[in-house]
Peer 1: 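Take a look at this one; I'll ask things after.
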Amino acid sequence: MGKVTGFLEYQRKKPTEESVKTRIKHYREFARSLDEADLADQGARCMDCGIPFCHSSFGCPVLNLIPEWNDFVYRKQWQEAFERLEATNNFPEITGRVCPAPCESACTLSINDSPVTIKQIELQIIERAFKEGWVIPYPPTVETGKSVAIIGSGPAGLAAAQQLRRKGHQVTIFEKSPKIGGLLRYGIPDFKLEKWVLDRRLDQLTAEGVNFNTDVEIGEDLSARYLQKSFDVIIITTGAGQPRNLEIPGRELDGIYFAMDFLTKNNLYMDGLIQSAEVISAKNKNVIVIGGGDTGSDCVGTANRHGAKSVTQFEILPQPREWKESWNPEWPYWPNILRTSSSHEEGCERDWSILTKSFLGENGQVRSAEFCRIDWKTDSDGRQTLNEIPNSEFKLDVDLVLLATGFVHVEHNKLLKDLDLKFDDRNNIRIDSNYMTSVDGVFAAGDAQTGASLIVRAIYHGRQAAKSVDAYLKR
Ligand SMILES: Cc1cc2nc3c(=O)[nH]c(=O)nc-3n(C[C@H](O)[C@H](O)[C@H](O)COP(=O)(O)OP(=O)(O)OC[C@H]3O[C@@H](n4cnc5c(N)ncnc54)[C@H](O)[C@@H]3O)c2cc1C
Ligand code: SF4
């Protein structure tokens, strides 16, 4: 259980970061890891609670065995820590970098103290394992002769592929983009997740025998019917690709883009797959990011690295409460508090309860935007309603607008139409308790089924779907 008195003796210690001044000049990761002695102290803080909330449904969505590996790290038994970590999480080097860490909000120490630095411990266990050569391929010892087609290569598809291949099934991933990884490769910027991290893991999947087919859009380049005839099972892990639009006057002007177009082009450029002229550049521009979430925050960090003249981020929802304490006011739940990301620290004006009314342009190019302030009220049915505050209108000069207003649901593309799949009430793919869609032998997992969520949830659902598919193939 770590050290019995560890939580009384040691304070929480977080990794330090490179200064804003130097890090905005590059796209590399900028967090510096804790050293081995600090990590042992942090592991020692774990209380091995009777009910480990960090590892329950309040905490880690992949049910990582956190108290067990905390104890091993405290005892410097790194290989044992790694073995417990890889038992539940296919890609801890990714979650250890970019997971929002609901485990830490749920840590029992968060009731009135600061949580164990779980995410940093997770990252350092897996980085050590790669360094020591403990991360090896596990190709199956027996081939089942069954075949699985996975459509979409984000974390859900990759986790499902790895689990099923290890069971001895032939697994082929189809991806419409030029490279494998989904949003890990084309959504998340390099300064949060450098792509060699992903490539290193893909080497393991390749060595295990997973087949990858890129630049193939199922529904367009290959039909769903062909896949149904050629494979025993199909798993759809195509993500929640349909972005939410802002249908207001002036939306058609040049200079207004979905956040994903901006981020994807930047990632393609960083990967050498497109020329600089094709990048949506924020250089010397007044940039407005509409949407206060994580995608918006990634746009802020990228725009600052381009050399934007100014970056402003507006959110329609009210400002969450400020919370400076190290403990969680809503323990064990994920608290609704104001969060300042590393990208925000790099320079950005933020404001909340702002409604975007219209975009105005000259010669087809956006030049300014009109906004007003709003008041959120709760109606008699408990619903939040939005009311414009009279005379609160204001206008800003703007050269580039990035719409980071979220994703409505899975893209209802030709693939889903051809399969004639049923949707749930949020228009995502409907599944039963075994991850099977309304069509026999066709399964779905990840954001395509849950709606836009988190990497760790996509991994979990990919693993769970794989378990159901394995049972289906053995029936
Ligand atoms: C900008 C951004 C930043 C984010 N940052 C974080 C973060 O820091 N931490 C976090 O936990 N979560 C983050 N998320 C959320 C996270 O990335 C997603 O929840 C996760 O990637 C979903 O995984 P998935 O496998 O379901 O789908 P995706 O990662 O969306 O992958 C789906 C894949 O399917 C492919 N595809 C779609 N249709 C077809 C077809 N017909 N044929 C072939 N291929 C197809 C797509 O090209 C894509 O590659 C972020 C999301 C965005 C947009
Ligand atoms: S995957 Fe996320 S929630 Fe789970 S232990 Fe890692 S940081 Fe915590």
Side-chain angles (χ1 to χ4, degrees), residues 1-7 10 12-15 34 39-129 134-135 155-156 159-160 162-163 326-335 445-446 450 453-467:
M1 68 155 288
K3 190 176 181 188
V4 179
T5 52
F7 69 100
Y10 309 114
R12 174 178 163 95
K13 191 166 181 183
K14 290 199 303 185
L34 294 183
L39 288 164
D41 289 351
Q42 294 307 304
R45 296 186 73 233
C46 180
M47 301 187 293
D48 192 20
C49 313
I51 298 174
F53 285 85
C54 60
H55 146 93
S56 71
S57 51
F58 294 111
C60 176
V62 281
L63 308 177
N64 271 342
L65 303 166
I66 298 165
E68 292 184 38
W69 36 260
N70 280 340
D71 181 58
F72 283 128
V73 166
Y74 163 61
R75 293 175 200 287
K76 304 203 167 101
Q77 291 174 246
W78 288 85
Q79 191 161 3
E80 286 82 352
F82 163 64
E83 283 161 11
R84 303 312 285 143
L85 179 56
E86 73 165 357
T88 56
N89 190 352
N90 299 69
F91 315 124
E93 67 281 14
I94 293 169
T95 50
R97 284 177 164 85
V98 294
C99 183
C103 54
E104 295 189 7
S105 307
C107 172
T108 310
L109 276 172
S110 280
I111 294 177
N112 63 353
D113 196 342
S114 50
V116 174
T117 53
I118 300 170
K119 176 173 158 179
Q120 172 65 188
I121 292 177
E122 178 180 42
L123 178 60
Q124 295 314 321
I125 294 171
I126 185 63
E127 284 305 322
R128 179 133 182 180
W134 299 329
V135 183
Q162 187 161 52
Q163 295 300 103
S326 58
W327 44 282
N328 176 2
E330 292 166 38
W331 182 88
Y333 299 99
W334 181 249
T450 57
S453 185
L454 295 176
I455 294 162
V456 62
R457 294 209 177 94
I459 298 172
Y460 174 75
H461 290 296
R463 290 171 66 91
Q464 294 301 109
K467 213 167 152 185

Peer 1: With sequence neighbours left out, what residues match Gln162 under side-chain hydrogen bond (donor to acceptor under 3.5 Å, both in side chains)?
Peer 2: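 Partners of Gln162 under the side-chain hydrogen bond (donor to acceptor under 3.5 Å, both in side chains) test: Asn90, Gln204, Glu208.
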Peer 1: Less than 4.5 Å apart, side chain to side chain, heavy atoms only: is that true for Pro100 and Leu454?
Peer 2: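 A side-chain contact exists here, since the closest heavy-atom pair is under 4.5 Å.
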Peer 1: Does the pair Asp71/Arg75 count as a salt bridge with the N-to-O cut at 4.0 Å?
Peer 2: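 Yes.
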Peer 1: Could you tell me whether the side chain of Trp327 reaches within less than 4.5 Å of the side chain of Asp113, counting heavy atoms only?
Peer 2: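 Sidechains of Trp327 and Asp113: no contact.
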Peer 1: Taking atom SG of Cys46 and atom CD1 of Ile121, what is their separation to the nearest 0.5 Å?
Peer 2: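 Between Cys46 SG and Ile121 CD1, I get 8.0 Å after rounding to 0.5 Å.
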Peer 1: Please round to the nearest 0.5 Å and tell me the distance separating atom OH of Tyr74 and atom CG of Asp41.
Peer 2: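 Going from the OH atom of Tyr74 to the CG atom of Asp41 covers 9.0 Å.
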Peer 1: Can you check whether Leu65 reaches Leu85 side chain to side chain, under 4.5 Å on heavy atoms?
Peer 2: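 They are not in side-chain contact.
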Peer 1: Side chains of Pro335 and Ser105: closer than 4.5 Å at any heavy-atom pair?
Peer 2: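 They are in side-chain contact.
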Peer 1: For the backbone of Ala106 and the side chain of Ser110, can you confirm whether one donor and one acceptor N or O come within less than 3.5 Å of each other?
Peer 2: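 Not confirmed, Ser110 side chain does not pair with Ala106 backbone.
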Peer 1: Looking at residues at least two apart in the chain, or sitting in another chain, which of them share a side-chain contact (heavy atoms from CB on, under 4.5 Å) with Thr108?
Peer 2: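 Once residues adjacent in sequence are excluded, the partners of Thr108 under the side-chain contact (heavy atoms from CB on, under 4.5 Å) criterion are Met47, Cys49, Phe53, Ile111, Trp331.
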Peer 1: Please examine the side chains of Cys60 and Pro102, heavy atoms only from C-beta on, and report whether any two atoms are closer than 4.5 Å.
Peer 2: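 No; the side chains remain at least 4.5 Å from each other.
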Peer 1: Among residues at least two apart in sequence or on other chains, which ones pass salt bridge (Lys or Arg N to Asp or Glu O under 4.0 Å) with Glu122?
Peer 2: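 In terms of salt bridge (Lys or Arg N to Asp or Glu O under 4.0 Å), with neighbours along the sequence ignored, Glu122 is linked to no residue.
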Peer 1: State which residues pass salt bridge (Lys or Arg N to Asp or Glu O under 4.0 Å) with Arg463; sequence neighbours excluded, sorted by chain then number.
Peer 2: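 Not a single residue meets the salt bridge (Lys or Arg N to Asp or Glu O under 4.0 Å) criterion with Arg463.
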Peer 1: Could you tell me whether Glu104 and Arg12 have a side-chain N and a carboxylate O separated by less than 4.0 Å?
Peer 2: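 A salt bridge links Glu104 with Arg12.
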Peer 1: Do Ile126 and Val135 touch side chain to side chain, with heavy atoms closer than 4.5 Å?
Peer 2: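 They are in side-chain contact.
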Peer 1: Calculate, to the nearest 0.5 Å, the distance between atoms SG and NZ belonging to Cys103 and Lys119 respectively.
Peer 2: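 Going from SG on Cys103 over to NZ on Lys119, the span is 8.5 Å.
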Peer 1: Considering only distance and modelled atom types, tabulate donor-acceptor pairs under 3.5 Å from the side chains of residues 76-83, sequence neighbours left out.
Peer 2:
| residue | atom | partner | partner atom | Å |
| --- | --- | --- | --- | --- |
| Gln79 | OE1 | Trp134 | NE1 | 3.4 |

Peer 1: Could you report the tightest heavy-atom contact between Leu39 and Leu34, atom names first, then the distance?
Peer 2: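 Scanning both residues, the minimum pair turns out to be CD1-O, 3.6 Å.
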Peer 1: For Ala445, which residues count as a side-chain contact (heavy atoms from CB on, under 4.5 Å) partner, sequence neighbours excluded?
Peer 2: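 Scan of Ala445 (side-chain contact (heavy atoms from CB on, under 4.5 Å), adjacent residues dropped) gives Thr237, Tyr435, His461, Ala465.
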Peer 1: Step by step, would you call Ile94 with Val456 a side chain to side chain contact (heavy atoms under 4.5 Å, CB included)?
Peer 2: CA-CA 9 Å; Ile94 293 169; Val456 62; over 6 Å; no
Peer 1: Residues two or more places apart in sequence or in another chain: which of them pass side-chain hydrogen bond (donor to acceptor under 3.5 Å, both in side chains) with Thr88?
Peer 2: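 Expected list: Asn64.
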Peer 1: Quick check for you: to the nearest 0.5 Å, what is the distance between Gln464 atom CD and Gln163 atom CD?
Peer 2: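 It is 9.5 Å, given to the nearest 0.5 Å.
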Peer 1: List the residues meeting salt bridge (Lys or Arg N to Asp or Glu O under 4.0 Å) with Lys13, not counting sequence neighbours, and say none if there are none.
Peer 2: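 Once residues adjacent in sequence are excluded, the partners of Lys13 under the salt bridge (Lys or Arg N to Asp or Glu O under 4.0 Å) criterion are Asp38.
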Peer 1: Testing the basics here: between Ala458 and Pro155, what is the closest heavy-atom pair and its distance to 0.1 Å?
Peer 2: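 Distance-wise, the nearest heavy atoms are CB-CG, 3.8 Å.
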Peer 1: What residues form a salt bridge (Lys or Arg N to Asp or Glu O under 4.0 Å) with Arg97, not counting sequence neighbours?
Peer 2: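 Arg97: salt bridge (Lys or Arg N to Asp or Glu O under 4.0 Å) contacts with Glu29, Glu127.
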Peer 1: Looking at side-chain heavy atoms only, is the closest gap between Ile51 and Ser56 below 4.5 Å?
Peer 2: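 Contact flag for Ile51/Ser56 side chains = no.
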Peer 1: Is the backbone N or O of Ala44 less than 3.5 Å from a side-chain atom of Asn70, with the two atoms forming a donor-acceptor pair by type?
Peer 2: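 Flag not set: sc Asn70 to bb Ala44 has no pair under 3.5 Å.
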Peer 1: Taking atom NE2 of His55 and atom CD1 of Ile66, what is their separation to the nearest 0.5 Å?
Peer 2: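 The distance works out to 8.0 Å.
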Peer 1: Could you list the residues that satisfy side-chain hydrogen bond (donor to acceptor under 3.5 Å, both in side chains) with Ser453, not counting sequence neighbours?
Peer 2: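 By the side-chain hydrogen bond (donor to acceptor under 3.5 Å, both in side chains) rule, Ser453 matches Arg457.
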Peer 1: Who pairs with Pro15 by side-chain contact (heavy atoms from CB on, under 4.5 Å), at least two apart in sequence or on another chain?
Peer 2: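 Listed in chain order: Gln120.
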Peer 1: Could you pull out all residues at least two apart from Ser326 that satisfy side-chain contact (heavy atoms from CB on, under 4.5 Å)?
Peer 2: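 Result, side-chain contact (heavy atoms from CB on, under 4.5 Å) vs Ser326: Ser114.
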